[in-house]
Amino acid sequence: MIKQEIKRVLAKRLEQLNFELDRASIDVEEPSNDEFGDFASNVALELATEDDLSPRELARSIVEGIGNELFSRITVAGPGFINFHLKRDFLMKSLSQLLSSSDPLGEISANEKGSIQIEFVSSNPTGPLTVGHCRQAVLGDVLAALYRALGYEVETEYYFNDEGRQMDILARTLWVRYKQALGEEVEIPDDGYKGDYLVEIGEDVASERGDRYSSWNDETADFFKKVGLEEMIGRIKKDLDLLGVKFDSWFRESKLHEEDKVEEVLSALDEQDGTYKEGGALWLKAEEEGAPKDAVLVKSNGDPTYLLPDIAYHLDKLDRGYDRALVLLGADHQRHVENMKAALSKLEFPPDFYQVLINQFVSLSKEGEVKRMSTRAGEFVTLKSLVEDLGKDVVRYFMSARKPESHLEFDYELAKKESMDNPVYYLQYAHTRIASIFEKSGYVELEEDFPLEGVDLNELGKDEEIELIKKLDKFPEMIEIAAGDYGPHHLVSYGENLAAIFHQFYNKYKVLTDDEKISQARLALCKGVQLVLKELLNLLGVSAPRKM
RNA sequence: GCGCCUGUAGCUCAGUCGGAUAGAGCGACGGAUUCCUAAUCCGUAGGCCGGGGGUUCGAGUCCUCCCAGGCGCACCA
């Protein structure tokens, strides 16, 4: 990474000048205007204000002591910026490193990092996954891929409630569907799940078991709970499969009760003087920890709320030894997060253990109307239909494209109708073009293993070529930002930009020319672009086709 | 009423730590193909970065107030 190298140089020089400044706090960036060189730093401006010096003066003395083995020119400009103009060799070294290692992430992926557990989707098995879950599934899956690529130990987990009221309602609704399948006139209960996804399951049970569950009793309830759970989880897994999302682990809530984790949490909270009783309910002293209000842990009827087992669940996560537990939640869980933070703080969890990424909702506009989705009312667009209509690549790309905390407006009609104009194809096409060049040149074997011997990268020098090399060099930095930010959308922005520069280059210059030396150098550049594009598409879970 | 998120081109959105002249895609208009895939490229038009105040050498970015939208403020999950 060129930027890191410049920071190193600057840090060394500043040390000579007796400034105390660690490398991380040195700011080096790419100026928007080419006039200002390839990279620029504002260190002189920052240090000058602190010590009441002239920024330009200081910049000049910094520049004087920097050797010129890496730079063709270093200038002082404006109020005191230091502008670095790179030597060609410096850039080419970056490209040749990429090619010889075939690892677009380079050194940042090498050293060992900590462990992170990522929990997402975690929809209860009471209905099919919708577009909202779809966004979260993609975000979580891409984040997991990012952290894996960076060398973290990653585990993805899906948490679901397999008992309690929601499951009772599911069982009851399913039973009604079963009765209807047997030809009886039965109404779905008011609080039941009205969607027709349970009809089919009811019919299956009716045809397999006949009328043996005609009356509602404990045996019937248990049976339909079991069937409902199995069927729904099965469907959820299938849907996620369509999206290419696989979880490392599936965690059922009942396990917490079986292992007395819930009891454990209650007594731990009690030990910390974190609870009190009021109105027959058990409350968490959340306000003491910064939450707006106290929260109920156990209802007056003795049932735990959603909060209590979730605290127990996170105690379990902590016990499992992860450094961090990241949870993806929808915007409607904001209050829950405040309660969780309060509880975990009472329990003296390590402060950075519980990490939350709250994502805003997806609105789906269809025929000019914005549809709201409600699982309970049975009105929603399912993840399944979305993927079946648009394809995994398009869906994953769209769902990754916006930063999580922004609303995502998904124009279904447009995405379907104009799918050929879709930006995902723009990226894939860049990859395809490169593959096609290697086919054409009869250098298919070069694509596998590109030998740098005899290739003179200094043949590269056109603006587009230089820009591409710089862009490739920036890839690892972008990945670190995306992971640190929990923001897969950085991949999309970067990718579109890289593809754009490549397409420009491709249109302006021929890779395969009469000049063998130029051809070799440009093939090398193409290989570099291809390595990065492939890695990027891979991380997004989007295919990188060789032909389109 | 209080809290979280959002407000940038006609539309959908980027813009890591405050940096020099604010970007992309779509849409509109005008062009490019005897040549490695035109699912591409080039050009034009389009902006008080929601509004006011502040912090400083410098603000789309930080602080504050206001306005608009989404979500929340359950003994639901």
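Just so it is clear: chains get the letters A, B, ... in the order the sequence lines come, proteins before strands, and each one is counted from 1. In this text, all values refer to a predicted model and were calculated from it rather than measured experimentally.
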Would you call [X] and [Y] a salt bridge, using N to O less than 4.0 angstrom?
X      : Y      : answer
A/R522 : A/E465 : yes
A/E338 : A/K341 : no
A/K317 : A/E119 : yes
A/E57  : A/R60  : yes

Expected list for residues 287-297 of chain A near RNA chain B, using heavy atoms below 4.0 Å, is A/K293, A/V296
**Prompt:** Under 4.0 Å: is that the gap between some side-chain N or O of A/K299 and OP1 or OP2 of B/C76?
**Reply:** yes
* Give a yes/no on whether any side-chain N or O of A/Q504 is located under 4.0 angstrom from OP1 or OP2 of B/U40. => no
Integer angstrom distance from the [atom1] of [N] to that of [M]:
N     : M     : atom1 : value
B/C42 : B/A24 : P     : 10 Å
B/A39 : B/G27 : P     : 15 Å
B/G46 : B/C4  : P     : 39 Å
B/A28 : B/U34 : C1'   : 32 Å
B/G52 : B/C11 : C1'   : 28 Å
B/A59 : B/G51 : C1'   : 16 Å
B/G47 : B/G30 : C1'   : 23 Å
B/G7  : B/G50 : P     : 8 Å

- prompt: Taking the inter-plane angle between the rings of A/H333 and A/Y306 on a 0 to 90° scale, is it parallel (under 30°), tilted (30 to 60°) or perpendicular (over 60°)?
  reply: perpendicular
Measure up the A/Y506 and A/F502 rings against each other and bin them: parallel (under 30°), tilted (30 to 60°), perpendicular (over 60°). tilted
Tell me whether the side-chain N or O atoms of [X] pair up with the base of [N] as donor and acceptor below 3.5 Å, since no angle test is needed here.
X      : N     : result
A/N83  : B/A20 : yes
A/Q334 : B/G3  : yes
A/D332 : B/G72 : no
A/S300 : B/C75 : yes

| Flag, side chain of A/D38 to backbone of A/L86, donor-acceptor distance under 3.5 Å | yes
- Just by modelled atom types, is the A/A483 backbone N or O under 3.5 Å from a matching donor or acceptor in the A/Y147 side chain? yes
I need the [atom1]-[atom2] distance between [X] and [N], as an integer number of Å.
X      : N     : atom1 : atom2 : result
A/K508 : B/C41 : NZ    : P     : 14 Å
A/L357 : B/C5  : CG    : P     : 13 Å
A/E29  : B/U61 : CD    : C1'   : 13 Å
A/R522 : B/C35 : CZ    : C1'   : 14 Å
A/L146 : B/U16 : CG    : P     : 17 Å
A/E409 : B/U8  : CD    : P     : 12 Å
A/D303 : B/C75 : CG    : C1'   : 10 Å
A/F39  : B/C17 : CZ    : C1'   : 16 Å

Using a cut-off of 6.0 Å, state whether more than 12 heavy atoms not belonging to A/K113 lie near its atom NZ.
yes
If you count heavy atoms of other groups shown closer than 6.0 angstrom to CG of A/D514, is the number above 12?
no
With the side chain defined as heavy atoms from C-beta on, A/Y506 is closest, among B/C36, B/A14, B/U40, to B/C36
Regarding the side chain of A/N507, the nearest nucleotide among B/U40, B/C5, B/G3 is B/U40
Using a 4.0 Å heavy-atom cut-off across all strands, classify [X] as base, sugar-phosphate, or nothing.
X      : value
A/H333 : base
A/G280 : nothing
A/T432 : base
A/A40  : base
A/F502 : nothing
A/E35  : base
A/K440 : sugar-phosphate
A/N42  : base

Stems of at least 3 consecutive Watson-Crick or G-U wobble pairs (donor-acceptor distances under 3.5 Å) involving RNA chain B, listed by first number, are B:1-7 with B:67-73, B:10-13 with B:23-26, B:28-32 with B:40-44, B:50-54 with B:62-66
- Message: Taking the six-membered ring for Trp, are A/F36 and A/F81 closer than 6.0 Å centroid to centroid?
- Response: no
Applying ring pair (Phe, Tyr, Trp, His ring centres under 6.0 Å) to A/F398 and not counting sequence neighbours gives A/F410
Next item on the list: Identify whether a stacking contact exists between A/F361 and B/G70, where the ring centres must be under 5.5 Å apart and the planes under 30° apart.
Entry: no
B/A20 pyrimidine/purine six-ring stacking with A/F81, under 5.5 Å and 30°:
yes
Expected label for B/C13 (glycosidic angle, syn inside 90° of 0, else anti) would be anti
